[in-house]
Student: 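My questions will all concern the structure given below.
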Amino acid sequence: PLMGFLDLPGEAALVLVLGNLVSLYAAIGAMASLSLTIKEISILAIMLSVSHSLLVETALAKKIGVPAFKVVTIRIILGIAAGVAFKIIL
């Protein structure tokens, strides 16, 4: 239901989870195995360009003194906002 808000099929949640927790390459592999339209691929790509590899990049941000919670929260919110914006534009 939440993915429908972004005009994405439920299976696209796997792409976002893999992209955010593992890597962009895992997300691309998952995307390739799904039957997605160009619009759906574009929405997923813009969302993952903002929020990807959260575990690794949050650890790096934490090492330089940036609060981990803020980094994750901001990146996820901006990723969702970018997805909604692209949904409207496309």
Side-chain angles (χ1 to χ4, degrees):
L2 191 58
M3 299 304 289
F5 175 68
L6 295 165
D7 286 346
L8 295 172
E11 297 86 18
L14 177 64
V15 174
L16 291 175
V17 169
L18 287 172
N20 283 315
L21 297 180
V22 182
S23 72
L24 285 175
Y25 297 109
I28 292 168
M31 251 192 265
S33 70
L34 299 174
S35 300
L36 299 172
T37 65
I38 298 297
K39 177 182 178 180
E40 293 166 345
I41 291 170
S42 299
I43 292 171
L44 286 169
I46 193 70
M47 290 177 73
L48 287 172
S49 71
V50 176
S51 86
H52 62 276
S53 303
L54 289 176
L55 297 177
V56 173
E57 293 186 10
T58 302
L60 291 173
K62 193 174 177 181
K63 270 195 165 191
I64 61 170
V66 180
F69 180 75
K70 284 184 180 179
V71 170
V72 171
T73 304
I74 289 170
R75 289 181 67 194
I76 289 174
I77 289 171
L78 288 175
I80 292 170
V84 170
F86 258 59
K87 171 192 162 189
I88 292 168
I89 292 170
L90 299 176

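For clarity, every value in this text was computed on a predicted model and none was experimentally measured. Throughout, numbering of the chain's residues begins at 1 and tracks the sequence.
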Student: Lys62 and Ala68: which non-hydrogen atoms are nearest, and at how many Å?
Tutor: CD-CB, 4.3 Å
Student: Considering all heavy atoms of both residues, which atom of Leu48 and which atom of Ala27 are nearest to each other, and what is their separation?
Tutor: CD1-CB, 3.6 Å
Student: So, using side chain to side chain contact (heavy atoms under 4.5 Å, CB included) as the criterion, who are the partners of Ala82 when residues are at least two apart?
Tutor: Ile46, Val50
Student: On a heavy-atom basis, which atom in Ser53 and which in Ser23 lie closest, and how many Å separate them?
Tutor: OG-CA, 3.7 Å
Student: My understanding is that only one of Ile80, Thr73, Leu78 makes a side-chain contact (heavy atoms from CB on, under 4.5 Å) with Ile76; could you say which?
Tutor: Ile80
Student: Out of curiosity, does Leu54 fall in the hydrophobic cluster containing Leu60 (side-chain heavy atoms, cut-off under 4.5 Å, transitive links)?
Tutor: no
Student: Flag yes if Val66 and Val56 sit in one hydrophobic cluster, no otherwise; membership is Ile, Leu, Val, Met, Phe, Trp, Tyr, and two members link when side-chain heavy atoms are under 4.5 Å apart.
Tutor: no
Student: Is the number of heavy atoms from other residues, nucleotides or ligands within 6.0 Å of NZ (Lys70) greater than 12?
Tutor: no
Student: Do the non-hydrogen side-chain atoms of Leu36 and Met31 ever get within less than 4.5 Å of each other?
Tutor: yes
Student: Locate the shortest heavy-atom distance separating Val72 from Thr58; write the atom from each residue and the value.
Tutor: CG2-OG1, 3.4 Å
Student: Using the rule that two of Ile, Leu, Val, Met, Phe, Trp, Tyr join whenever any of their side-chain heavy atoms come within less than 4.5 Å, decide whether Leu8 and Ile88 are in one cluster.
Tutor: yes
Student: Taking all non-hydrogen atoms of both residues, which atom of Gly79 and which atom of Met47 are closest, and how far apart?
Tutor: O-CG, 3.2 Å
Student: Hey, does the side chain of Lys87 reach the backbone of Phe5 with a donor-acceptor pair shorter than 3.5 angstrom?
Tutor: yes
Student: Applying the side-chain contact (heavy atoms from CB on, under 4.5 Å) criterion to Leu44, which one of Leu16, Ile28, Leu6 satisfies it?
Tutor: Leu16
Student: Might you point out which heavy atoms bring Ala30 and Leu18 nearest each other, and give the distance in Å?
Tutor: CB-CD1, 3.7 Å
Student: Would you say Leu24 and Val71 are hydrophobically clustered, going by side-chain heavy atoms of ILVMFWY under 4.5 Å?
Tutor: no
Student: Assigning hydrophobic clusters by single linkage (Ile, Leu, Val, Met, Phe, Trp, Tyr; side-chain heavy-atom cutoff under 4.5 Å), is Ile41 placed with Leu90?
Tutor: yes
